[in-house]
Amino acid sequence: MALQIYNTLTKQKEEFKPVDPEKVKIYSCGPTVYDYFHIGNARAFVVPDILKRYLEYKGYNVFHVMNFTDIDDKMIKRANKEGVSIKELADRFIDAYFEDTKKLNIKEADVYPRATDYIEDIIKLLKRLEEEGYAYEVDGDIFFEVKKFADYGKLSNQNLEELASGARIEVNEQKKDPLDFVLWKRSKEGEPAWDSPWGPGRPGWHTECSVMSRHYLGDKFDFHTGGIDLAFPHHENEIAQSEAVNGEQVINYWVHNGYVNVDGEKMSKSLGNFFTTRDILKDYSPDVVRFFLISNHYRSPINFSDVELNDAKKSLRRLRNTVARIHKLIPDNKVEIDAGNQKEVEAIERAIDDKRVKFEEAMDDDLNTALAIASLHELAKKINIFVNDSEFEINKATVMVLEKAYNTFEELGSILGIELRPELKEEGNKLIPPLIELLLEIREEAREEQNWDLADKIRDELKELGITIKDRPQGTEWEIE
RNA sequence: GGUGGCAUAGCCAAGUUGGUAAGGCAGAGGACUGCAAAUCCUUUAUCCCCCGGUUCGAGUCCGGGUGCCACCUCCA
């Protein structure tokens, strides 16, 4: 099966056909590095990560570019406020970006170009646009003349009259048309500036993506990703710039993710209802946050709330429990016992194959991670029932099928970027485990003497310290957190 | 005003080309337990916002409503 992906440009799901089968090229709009990114931004980083992982699973080589916007109004404002240079500000939040995305298990892109490293190329692009009549200069500012680009509006499905009638943009007397957008801004007092044929200034927002994507990915490439709010005007303008000089379509598939909402409304900095990923990670583990982000379809809005985070946490825990259970059942040494009931083993083996197929079909259908996760839950249930059976025993056949299940969970989980295998916990302090064991021994003696007060006191107080006691038929287990 | 999207059980949510409602959370019942916790199993929508239509058959297509969200300004 081939991947079907929804293309904002055509407003329908399309079969993915790479420009170059040897290398799939993806460009993602990255962060403006003036602050920590919020959970809504995080979604825009996780979505291309899932796309990339799934393409790699299907055998493609992927080349992924993500930009850092390190010059714009917000950067200038923030740098001035903090009394640092733009460069210092950018460096700081780029470092933070890598720290946080690493926790979220987001694979690194192949390159992370910064806008300020491409000023010369941007100027070249603008000169060309000017030469070919798409851009005009007014007093040191350069504007793109939207009317000159016939296809303007094709991504967001707007025509110029309708855009103009609903426009809330402030009327700039210098523009020929209110819809024209700025390509180059003349510098004002105290603002960073680069020399250009039109005098000192800085690039407009949309130019960098046209220039940097072309630099790394060429005239024609596969995917461009970003949040749906970027479709207009950012991506629309990017298309106008790129195609005006290129003459034909540059990007085949536009992939836009939905928002993260708060109380049903879009999370945004201006509304002030945002939560930085960094803060959320203080309360929830990164894999839970990631699992939350992929537990709905990527184009649907998702609501950010403690209830939903906790649902995600429990849902993930359920999968992990089963995988850990399988892990414990598989013996370290080779099993010599011959198989007993072959029939049930075969049924499980079939179920593993079926659920993998279901998982792939879900991912093929526009990266339906919600459905893919459901197939993992279904498999987990089958395995639980299988090993719960009183007839279940460890033998060659059952070990083989458990290993297959274990590897399947590991592999499919890694497509989602979720580690399902039990962690090989490295305890901070080597003294802690033996101390807990000691307490448990004392508790066990108390229980034998039916001294429930003491036994429960140990259990309850360990619980207060974050250590959970589980009395299993095989003995007592414990777990930190 | 234009454009895009959404409306499915208490909550979150998937529903491929129409064929008789995935999965998770919570709840209920059960297994396990000294009691718990944790875990596992079972169970939970005569019905998919409303009205009309096409069809042997519609959550799924068509027409008309209602409600919500988003974009058209920086925004992932």
Side-chain angles (χ1 to χ4, degrees), chain A residues 4 8 11 13 28-32 37-48 72-74 77 153 156-159 161-170 179 205 225-234 236 256-261 264-271 274 291-292 295-297 299-303 305 307-319 321-322 324-325 358 361-362 364-366 368-378 380-381 383-385 387-389 447-448 450-452 455-456 459-460 463 468-473 477-479:
Chain A
Q4 302 279 125
T8 309
K11 279 120 204 118
K13 286 183 203 170
S28 298
C29 279
T32 302
F37 63 84
H38 62 60
I39 186 72
N41 303 119
R43 194 178 193 197
F45 308 146
V46 168
V47 167
D72 82 330
D73 291 349
K74 294 191 292 283
K77 212 169 151 186
S156 52
N157 208 26
Q158 304 274 355
N159 66 48
E161 295 78 58
E162 281 152 1
L163 272 174
S165 69
R168 286 179 280 162
I169 41 183
E170 58 188 278
L179 291 175
W205 178 31
T225 75
I228 188 64
D229 48 354
L230 294 187
F232 191 92
H234 181 53
E236 195 72 70
H256 291 110
N257 60 274
Y259 299 120
V260 176
N261 290 158
E265 288 189 323
K266 177 186 173 183
M267 181 184 294
S268 73
K269 301 242 163 154
S270 51
L271 282 170
F274 65 93
F291 198 74
F292 159 73
S295 57
N296 291 10
H297 186 88
R299 284 190 284 122
S300 307
I302 53 175
N303 208 43
S305 71
V307 171
E308 301 215 26
L309 259 314
N310 281 318
D311 280 1
K313 184 177 178 177
K314 288 172 188 165
S315 173
L316 175 58
R317 189 164 65 200
R318 191 174 171 78
L319 290 176
N321 283 335
T322 299
R325 197 171 175 195
K358 185 176 173 185
E361 284 174 351
D364 276 335
D365 186 12
D366 199 25
N368 193 336
T369 48
L371 195 59
I373 289 169
S375 74
L376 295 180
H377 274 113
E378 286 163 10
K381 181 155 287 186
I383 303 282
N384 283 329
I385 293 169
V387 300
N388 276 352
D389 196 302
R447 291 176 78 203
E448 275 164 26
Q450 303 198 349
N451 184 350
W452 308 126
D456 291 350
R459 181 174 70 196
D460 295 342
K463 179 80 189 169
T468 307
I469 302 302
K470 303 172 193 174
D471 293 327
R472 294 285 183 88
E477 293 173 12
W478 57 274
E479 194 178 71

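Every chain is numbered from 1, with letters handed out A, B, ... down the list of sequences. Keep in mind the model is a prediction, meaning the values are calculated, not measured.
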B:A13 to B:G52 separation - C1' atoms, rounded to the nearest Å: 29 Å
Sugar-phosphate only, base, or nothing, as touched by A:L371 at under 4.0 Å among non-hydrogen atoms: base
Base paired to B:C61 (Watson-Crick or G-U; both N/O distances under 3.5 angstrom): B:G53
Among B:C74, B:A76, B:A22, the one nearest A:K358 by side-chain distance: B:A22
C1' atoms of B:A22 and B:G15, separation to the nearest Å: 7 Å
Sugar-phosphate, base or nothing in reach of A:K314, heavy atoms under 4.0 Å: sugar-phosphate
Phosphate OP1/OP2 of B:A38: any A:R317 side-chain N/O under 4.0 Å: no
Whole-Å gap separating P (B:A26) and CG (A:D311): 7 Å
For B:A9, the Watson-Crick or wobble counterpart (both distances under 3.5 Å): none
Listed nucleotide nearest any side-chain atom of A:K381, set B:U42, B:A14, B:C71: B:U42
Sugar-phosphate, base or nothing in reach of A:I469, heavy atoms under 4.0 Å: base
Nearest-nucleotide pick for A:A374, side chain only, options being B:A22, B:U3, B:C40: B:A22
Nearest-Å distance for atom pair CG/C1', residues A:N388 and B:G30: 13 Å
Distance below 4.0 Å between A:S300 side-chain N/O and B:C12 OP1 or OP2: no
Mate of B:A22 where both pairing distances stay under 3.5 Å, Watson-Crick or G-U: none
Atom-to-atom span, CG of A:N257 to C1' of B:A70 - whole angstrom: 13 Å
Whichever of A:G40 and A:E378 has its nearest RNA chain B nucleotide further upstream toward 5': A:E378
Gap between atoms CZ and C1', on A:R325 and B:A38 respectively (whole Å): 12 Å
Euclidean distance, atom CG of residue A:N303 to atom P of B:C68 [Å, nearest integer]: 17 Å
Interatomic distance at P, B:G10 relative to B:U44, whole Å: 14 Å
Value in whole Å for how far the P atom of B:C74 lies from CD of A:E236: 14 Å
Integer angstrom distance from the P of B:C11 to that of B:G27: 15 Å
Gap between atoms NE2 and C1', on A:H38 and B:C74 respectively (whole Å): 12 Å
Candidate nucleotides B:G34, B:C12, B:U42, ranked by approach to the side chain of A:W452 - the nearest: B:G34
Whole-angstrom distance between B:A21 and B:C47, as gauged at atom P: 12 Å
Near-parallel close stack of A:Y259 and B:A70 base (under 5.5 Å, under 30°): no
Among B:C71, B:C12, B:G24, the one nearest A:F232 by side-chain distance: B:C71
B:A36 base / A:D471 side chain donor-acceptor hit below 3.5 Å: yes
Complement of B:G27, any strand, by Watson-Crick or G-U distances under 3.5 angstrom: B:U43
B:G64 to B:G5 separation - P atoms, rounded to the nearest Å: 16 Å
Of the listed nucleotides B:C41, B:G34, B:A76, the one nearest the side chain of A:N384: B:C41
Phosphate contact (B:A76 OP1 or OP2) by A:N41 side-chain N/O below 4.0 Å: yes
Ion pair A:D456/A:R459, N-O distance below 4.0 Å: yes
Shortest side-chain distance from A:L163, nucleotide among B:C40, B:G24, B:C72: B:C72
Rounded P spacing from B:U16 to B:U54 in Å: 24 Å
Sugar-phosphate only, base, or nothing, as touched by A:E308 at under 4.0 Å among non-hydrogen atoms: sugar-phosphate
Polar side-chain contact A:R459-B:A37 base: donor and acceptor under 3.5 Å: no
Distance-only donor-acceptor test, A:R318 side-chain atoms vs B:C40 base atoms, 3.5 Å: no
Note, A:N261 side chain near A:P301 side chain (heavy atom, < 4.5 Å): yes
Sugar-phosphate, base or nothing in reach of A:V387, heavy atoms under 4.0 Å: nothing
Phosphate-side-chain proximity, A:K470 and B:U33, N/O vs OP1/OP2 below 4.0 Å: no
Proximal nucleotide (of B:A70, B:C71, B:C72) relative to the A:D229 side chain: B:C71
Touch class at under 4.0 angstrom, heavy-atom based, for A:G258 against every strand present: base
Polar pair under 3.5 Å, donor/acceptor by atom type, side chain A:D456, base B:G34: yes
Pairing partner (Watson-Crick or G-U wobble, both distances under 3.5 angstrom) of B:G4: B:C69
Side chain proximity check, A:L371 to A:E361, heavy atoms < 4.5 angstrom: no
side-chain N/O A:N368 vs B:G15 OP1/OP2, d < 4.0 Å: yes
Side chain of A:M267 - closest among B:U39, B:G34, B:A76: B:A76
Intermediate values then yes/no, side-chain contact (heavy atoms from CB on, under 4.5 Å), A:K74 and A:K269: CA-CA 12 Å; A:K74 294 191 292 283; A:K269 301 242 163 154; over 6 Å; no
Sugar-phosphate, base or nothing in reach of A:H256, heavy atoms under 4.0 Å: nothing
First of A:S375 and A:L319 reached from the 5' end of RNA chain B, by closest nucleotide: A:S375
B:A9 and B:U55, which share atom name P, separated by this distance in whole Å: 30 Å
Spacing between A:Q158 atom CD and B:U73 atom C1', to the nearest angstrom: 14 Å
Beyond-backbone contact of A:I302 with A:F292, side-chain heavy atoms, under 4.5 angstrom: yes
Side-chain N,O (A:N296) to OP1/OP2 (B:A13) below 4.0 Å: yes
Minimum-distance nucleotide (side-chain atoms of A:N321 versus B:A13, B:U39, B:G24): B:U39
